Asker: 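Below you'll find the structure I mean.
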Amino acid sequence: MTSSDALVRVATAHGVTTLTLDSPANRNALSTGLMTELLAGLAAAVADDTVRVVVLDHTGPVFCSGADLKETAAAYASGTVPAGMLGDVLAAVWACPKPVVARVAGPARAGGLGLIAAADLAICAEEATFAFTEVRIGVIPAVISATVLPRLHPRAAAELYLTGDTFDGRRAAQVGLVTTAVPAAELDAAVTRACASLVRGAPGALAGAKELLRRPAVTDLTAEIAALAALSTGYFLSAEGREGVRAFREKRPASWVPVDDGSGPVA
């Protein structure tokens, strides 16, 4: 693979490694290739003592659209889905001993929200949009719950998981999904300020502080992710999951969406 073929760009400067999702053609979907490169980039950053902070960034207007549904549909014949690999990515980001900052300039959906929640700090543009769309394609936000639910306020989690409705950056900050939302023009400056603060911490102390932050919320994340990954796979392989993916790819309502008879809005 040449550098021009990379799905994740890696750049390091001033103690900060930036891992940039660079697959704008499919809205930075979490394909097997992209997740493999992201894991490799993160591992390299962890192993490099000169790296103090990791930033998750993106090219194109979309931060991350979630699972690669084209790849998922193609994998049905084997009885597996690439979404299972997402657990490895979330665990790696969550357990990274170095602070991870997500820079979110555009929309994020489904698995992309798990990635944002796994980061220690998430800074988004107020104009960015978010949605837990899983129920609308017949699956559930299982794997990402390991990182998302510790962040979200319970009432907001119920509303957003069950409705699949879209919300903006300001709401994302209010419910705990992101750390802060700023006008798009101020996003880069906000990320720069956060990184400048983080590199001021001692590496060992930052790693220790991260362990403290994880203790109250999670006891065995690996086991939880394994169980949720199995649950997620079951839904992706279900009849509803298959229909939902097909409907999404065909740009039509899924079979369970009520037909608009003029009596009211169709969800």
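Values below: every heavy atom of this structure, side chains too, minus hydrogens, waters and symmetry copies. Keep in mind it's a predicted model, so treat the numbers as computed, not measured.
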Asker: What about L34 and V89, same hydrophobic cluster or not, with Ile/Leu/Val/Met/Phe/Trp/Tyr joined at side-chain heavy-atom distances under 4.5 Å?
Answerer: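 The answer is yes; both residues are in one hydrophobic cluster.
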Asker: I need the minimum non-hydrogen distance between L187 and A125, along with the two atoms involved.
Answerer: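 Heavy-atom minimum between the residues: CD1-N, 4.1 Å.
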Asker: Once rounded to the nearest 0.5 Å, what's the spacing between atom NE2 of H153 and atom CG of L177?
Answerer: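 Atom-to-atom, H153:NE2 and L177:CG are 10.5 Å apart.
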Asker: Can you run down the side-chain hydrogen bond (donor to acceptor under 3.5 Å, both in side chains) pairs that involve residues 123-133, sequence neighbours left out, and say none if there aren't any?
Answerer: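 Pairs touching residues 123-133 that pass the test: R109-T129, E126-R170.
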Asker: Taking V16 as the fixed residue, which of V53, V51, V191, L198 is the one that meets the side chain to side chain contact (heavy atoms under 4.5 Å, CB included) rule?
Answerer: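 Of the listed options, the one satisfying the test is V53.
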Asker: Inspect the contact between R214 and D120 and indicate whether a charged nitrogen and a carboxylate oxygen are less than 4.0 angstrom apart.
Answerer: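 Yes.
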Asker: Please list all pairs meeting ring-ring contact (aromatic ring centres under 6.0 Å, His included) that have one or both residues in residues 166-199, counting only residues at least two apart or in different chains.
Answerer: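 Qualifying pairs: F130-F167.
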Asker: Nearest heavy-atom pair of G164 and A131: which atoms, and what distance?
Answerer: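 Closest approach of G164 to A131: O-CB, 3.8 Å.
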Asker: Do I140 and F236 have side chains that get closer than 4.5 Å, going by heavy atoms?
Answerer: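 No. Closest side-chain heavy atoms not under 4.5 Å.
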Asker: Please test L113 against L115 for side-chain contact (heavy atoms from CB on, under 4.5 Å), starting from the C-alpha separation and ending with a verdict.
Answerer: CA-CA 5 Å; L113 301 185; L115 194 58; over 6 Å; no
Asker: Mind checking the CG-CH2 spacing from L213 to W94? Nearest 0.5 Å is all I need.
Answerer: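 The CH2 atom of W94 is 9.0 Å from CG of L213, to the nearest 0.5 Å.
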Asker: So, taking the atom named OG1 in T18 and the one named CG in L56, what distance separates them when rounded to the nearest 0.5 Å?
Answerer: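 Here the interatomic distance stands at 9.0 Å.
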Asker: Scan for ring-ring contact (aromatic ring centres under 6.0 Å, His included) pairs involving residues 170-209, sequence neighbours excluded, and state none if there are none.
Answerer: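 Residue pairs with at least one partner in residues 170-209: there are none.
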Asker: Would N28 and F63 count as a side-chain contact (heavy atoms from CB on, under 4.5 Å) here? Give the steps.
Answerer: CA-CA 7 Å; N28 293 319; F63 175 77; over 6 Å; no
Asker: Only pairs at least two apart or in different chains count here, so list each salt bridge (Lys or Arg N to Asp or Glu O under 4.0 Å) that has a residue in residues 158-167.
Answerer: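 For residues 158-167, and leaving out neighbouring residues, the salt bridge (Lys or Arg N to Asp or Glu O under 4.0 Å) pairs sorted by first residue read R136-D165, E159-R171.
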Asker: What ring-ring contact (aromatic ring centres under 6.0 Å, His included) pairs are there with at least one residue in residues 6-53, not counting sequence neighbours?
Answerer: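 Applying ring-ring contact (aromatic ring centres under 6.0 Å, His included) to every pair that reaches into residues 6-53, excluding sequence neighbours, yields nothing.
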Asker: Given the rule in the side-chain contact (heavy atoms from CB on, under 4.5 Å) test, do V104 and D57 qualify, once you have shown the distances and angles that lead to the verdict?
Answerer: CA-CA 7 Å; V104 184; D57 200 352; over 6 Å; no
Asker: If I take atom OG1 from residue T36 and atom CG from residue D88, how far apart are they, to the nearest 0.5 angstrom?
Answerer: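 Reported to 0.5 Å precision, the distance equals 9.5 Å.
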Asker: Apply side-chain hydrogen bond (donor to acceptor under 3.5 Å, both in side chains) to T59 and list each qualifying residue two or more places apart in sequence or on a separate chain.
Answerer: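 Scan of T59 (side-chain hydrogen bond (donor to acceptor under 3.5 Å, both in side chains), adjacent residues dropped) gives D22.
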Asker: Evaluate the side-chain contact (heavy atoms from CB on, under 4.5 Å) criterion for residues C96 and V46: first the C-alpha distance (whole Å), next the side-chain angles of each, then the deciding distance (0.1 Å), finally the verdict.
Answerer: CA-CA 7 Å; C96 178; V46 170; 3.7 Å; yes
Asker: With rounding to the nearest 0.5 Å, note down the distance linking CG in L162 to CD in E134.
Answerer: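 Rounded to the nearest 0.5 Å, the CG-CD separation comes to 11.5 Å.
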Asker: Show me the pairs that pass side-chain hydrogen bond (donor to acceptor under 3.5 Å, both in side chains) and involve residues 177-193, at least two apart or across chains.
Answerer: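 Residue pairs passing side-chain hydrogen bond (donor to acceptor under 3.5 Å, both in side chains), neighbours aside: R103-D188.
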Asker: Between atom CG of L149 and atom CZ of R151, what is the distance when rounded to the nearest 0.5 Å?
Answerer: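 Here the rounded value is 11.5 Å.
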Asker: Given 3.5 Å as the limit, does a donor-acceptor pair link the side chain of R52 with the main chain of V199, or not?
Answerer: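 Side chain of R52 to backbone of V199, a donor-acceptor pair under 3.5 Å: yes, one is there.
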Asker: Checking the side chain of E37 only, and the main-chain atoms of L7 only, is there a donor and an acceptor separated by less than 3.5 Å?
Answerer: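 At least one qualifying donor-acceptor pair exists.
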Asker: What about V135 and I144, same hydrophobic cluster or not, with Ile/Leu/Val/Met/Phe/Trp/Tyr joined at side-chain heavy-atom distances under 4.5 Å?
Answerer: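 No, it is not one cluster - the side chains of V135 and I144 are not joined through contacts under 4.5 Å.
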Asker: Closest heavy-atom contact between L38 and V8?
Answerer: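 Taking every non-hydrogen atom into account, N-CG2, 3.8 Å.
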Asker: Please indicate whether F248 has more than 12 foreign heavy atoms, meaning atoms of other residues, nucleotides or ligands, lying under 6.0 Å from its CZ.
Answerer: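 Atom CZ in F248 is not packed in, count stays at 12 or less.
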Asker: Just by modelled atom types, is the P141 backbone N or O under 3.5 Å from a matching donor or acceptor in the S145 side chain?
Answerer: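 Here the side-chain-to-backbone pair exists.
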Asker: Does any N or O in the side chain of K98 come within less than 3.5 Å of the main-chain N or O of V54, such that one atom is a donor and the other an acceptor?
Answerer: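 It does not hold such a pair.
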Asker: Quick check: is V101 connected to L90 through a chain of hydrophobic side chains (ILVMFWY, heavy atoms under 4.5 Å apart)?
Answerer: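 In one cluster with L90: V101, no.
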Asker: Shortest non-hydrogen contact from C195 to V55?
Answerer: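 Scanning both residues, the minimum pair turns out to be SG-CG2, 3.5 Å.
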Asker: What pair of heavy atoms forms the shortest contact from G111 to L30, and how long is it?
Answerer: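 Residues G111 and L30, closest heavy atoms: C-CD1, 3.8 Å.
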Asker: Give every residue pair that meets the side-chain hydrogen bond (donor to acceptor under 3.5 Å, both in side chains) criterion with at least one member in residues 240-249, sequence neighbours excluded.
Answerer: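 Those involving residues 240-249 are E243-R252.
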Asker: Please determine whether residues L21 and L121 belong to a single hydrophobic cluster, defined as Ile, Leu, Val, Met, Phe, Trp and Tyr linked transitively by side-chain heavy-atom distances below 4.5 Å.
Answerer: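 Cluster IDs for L21 and L121 differ.
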Asker: Sequence neighbours left out, what passes ring-ring contact (aromatic ring centres under 6.0 Å, His included) with Y235? Give chain and number order.
Answerer: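 With neighbours one apart ignored, the set is empty.
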Asker: Would you please name every residue forming a side-chain hydrogen bond (donor to acceptor under 3.5 Å, both in side chains) with D48, sequence neighbours left out?
Answerer: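 Partners of D48 under the side-chain hydrogen bond (donor to acceptor under 3.5 Å, both in side chains) test: T50.
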Asker: Taking side chain as C-beta onward, heavy atoms only, is T32 less than 4.5 Å from M85?
Answerer: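 Yes. Closest side-chain heavy atoms under 4.5 Å.
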Asker: Scan for ring-ring contact (aromatic ring centres under 6.0 Å, His included) pairs involving residues 31-55, sequence neighbours excluded, and state none if there are none.
Answerer: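 The answer is none; no pair qualifies.
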Asker: Linking I/L/V/M/F/W/Y whenever their side-chain heavy atoms sit closer than 4.5 Å, directly or via other members, would V178 and V62 fall into one cluster?
Answerer: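 Not linked; separate clusters.
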Asker: Between I116 and A108, which heavy-atom pair has the shortest distance, and what is it?
Answerer: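 Heavy atoms only, the tightest pair is CD1-CB, 3.6 Å.
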Asker: Which residues pass the side-chain hydrogen bond (donor to acceptor under 3.5 Å, both in side chains) test with T147, not counting sequence neighbours?
Answerer: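 Checked T147 against side-chain hydrogen bond (donor to acceptor under 3.5 Å, both in side chains); zero matches.
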Asker: Answer yes or no: is there a donor N or O on one side and an acceptor on the other, between the side chain of H58 and the main chain of S23, under 3.5 Å?
Answerer: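 No; zero donor-acceptor contacts below 3.5 Å.
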